[in-house]
Amino acid sequence: MKLSVALFFAGLFGALAAVFILLSFGTDYWLLASETCHPNPGGPVGAGRGTAEGGDVGLQKCSSGITLYHEGFFWRCSFGSNASDDNLMWNLWFTNQPHSKVCMQAYLFPFPVSHQTHNATQYDSAIIYRGFWSIFMLIGVASVVLGGFFIICAAPFASARLYKAGGGLFLASGLFLLCVVVMYVLWVQVLDVVDVYIDHKRATEGQDFHLSLNYGLSFMFAPIGIFFCLLAGLLFLLIGRTVQIHCH
């Protein structure tokens, strides 16, 4: 009876883990960003982006609109909007998102790194960092899918080895995806890539440039999936050990 209850909850947690992890992996809303640049009407004329006169290169004038970005594992997309930062989540998920967006592959090109805003060393380092992030993500997703397959195969035969293998894969998936979440937080909050991007924009477009960053639902799905994944992995390992003891 106790084994049946444990199997039920382990299967439930494993299914929830797979759902949340696949949603996090398949949707491109790990990061939500908005760029605004509101020029000061009373400011000096030279505060805009400008043309070269007399050998001096002026700053490019700010545009009054807002550019919205969302990024995930597969794609990084951007589109224009006239909404305020307070409505960023609403605009990205429900209203005013245009049918045509400018998207680029995000496997090795995380926001906001580009050749224009970062030097060659920073650009190469970002690609390497994103490469490890992508590899960890793929390993985590593949592990939870393979672990679920092992558990499905173990159920009809009450195989202790398959239960243990499935539990180990769930634990491995949770640990790799935990690394993915930590690396993403470090990228946004700790490393200086965002600050370098802001400094470059303010140097070229003026001090009124502002960048707002928010974590999206894809990012929020990941910790939930990790929690269920680790819990399911521990339960399946315990079930495998219990089945093995009963068999002997």
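As a basis for the values below, the full set of heavy atoms in this structure was taken, side chains included, without hydrogen atoms, waters or symmetry mates.
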Are any non-hydrogen side-chain atoms of Leu23 and Tyr29 less than 4.5 angstrom apart?
no
Minimum heavy-atom separation for [X] and [Y], please, with both atom names.
{"X": "Phe9", "Y": "Leu235", "result": "C-CD1, 4.2 Å"}
{"X": "Ala126", "Y": "Trp187", "result": "CB-CH2, 3.5 Å"}
{"X": "Ala232", "Y": "Gly14", "result": "CB-N, 3.5 Å"}
{"X": "Leu68", "Y": "Ser34", "result": "CD2-CB, 3.5 Å"}
{"X": "Leu31", "Y": "Asn214", "result": "CD1-O, 3.5 Å"}
{"X": "Asp28", "Y": "Phe74", "result": "OD1-N, 3.2 Å"}

By the definition side-chain contact (heavy atoms from CB on, under 4.5 Å), identify the one residue from Leu16, Ile21, Leu171 that meets it with Cys229.
Ile21
Partners passing side-chain contact (heavy atoms from CB on, under 4.5 Å) against [X] (at least two apart in sequence or in another chain):
{"X": "Ile152", "value": "none"}
{"X": "Ile224", "value": "Phe20, Phe228"}
{"X": "Thr67", "value": "Glu35, Tyr69, Ser78"}

Report the distance from atom [atom1] of [X] to atom [atom2] of [Y], rounding to the nearest 0.5 Å.
{"X": "Phe236", "Y": "Leu231", "atom1": "CZ", "atom2": "CG", "answer": "10.5 Å"}
{"X": "Ser134", "Y": "Tyr129", "atom1": "OG", "atom2": "OH", "answer": "11.5 Å"}
{"X": "Leu3", "Y": "Phe8", "atom1": "CG", "atom2": "CZ", "answer": "14.0 Å"}
{"X": "Ser159", "Y": "Gln244", "atom1": "OG", "atom2": "CD", "answer": "10.0 Å"}
{"X": "Arg202", "Y": "Leu211", "atom1": "CZ", "atom2": "CG", "answer": "9.0 Å"}
{"X": "Tyr163", "Y": "Leu238", "atom1": "OH", "atom2": "CG", "answer": "12.5 Å"}

Steps toward side chain to side chain contact (heavy atoms under 4.5 Å, CB included) verdict (Val190, Val185):
CA-CA 7 Å; Val190 178; Val185 172; 5.8 Å; no
Starting from the C-alpha separation in whole Å, work towards a yes-or-no answer on side chain to side chain contact (heavy atoms under 4.5 Å, CB included) for Thr27 and Leu217.
CA-CA 9 Å; Thr27 53; Leu217 282 180; over 6 Å; no
Do Trp30 and Trp133 have ring centres separated by under 6.0 Å?
yes
Side-chain donor/acceptor pairs under 3.5 Å, residues 172-184, sequence neighbours excluded:
| unit_1 | atom_1 | unit_2 | atom_2 | d |
| --- | --- | --- | --- | --- |
| Ser173 | OG | Gly140 | O | 2.6 |
| Tyr184 | OH | Glu71 | OE1 | 2.7 |

Using a cut-off of 6.0 Å, state whether more than 12 heavy atoms not belonging to Phe132 lie near its atom CZ.
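No, because the 6.0 Å sphere around CZ of Phe132 holds 12 heavy atoms or fewer from other groups.
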Side chain to side chain contact (heavy atoms under 4.5 Å, CB included) evaluation trace for His200 with Phe209
CA-CA 10 Å; His200 172 80; Phe209 176 83; over 6 Å; no
Distance alone, cut at 3.5 Å: any donor-acceptor contact between the side chains of Ser24 and Ser218?
no
Just jot down the side-chain hydrogen bond (donor to acceptor under 3.5 Å, both in side chains) partners of Gln189, sequence neighbours excluded, or say none.
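For Gln189 the side-chain hydrogen bond (donor to acceptor under 3.5 Å, both in side chains) partners, ignoring immediate neighbours, are Tyr215.
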Is it the case that one hydrophobic cluster holds both Met104 and Val102, taking links as side-chain heavy atoms less than 4.5 Å apart, direct or via other members?
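No, Met104 does not connect to Val102 through the hydrophobic network.
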Would Leu7 and Ile239 count as a side chain to side chain contact (heavy atoms under 4.5 Å, CB included) here? Give the steps.
CA-CA 7 Å; Leu7 278 171; Ile239 290 169; 3.6 Å; yes
Residue list, ring-ring contact (aromatic ring centres under 6.0 Å, His included) with Phe73, at least two apart or on another chain:
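Applying ring-ring contact (aromatic ring centres under 6.0 Å, His included) to Phe73 gives Phe25, Tyr107.
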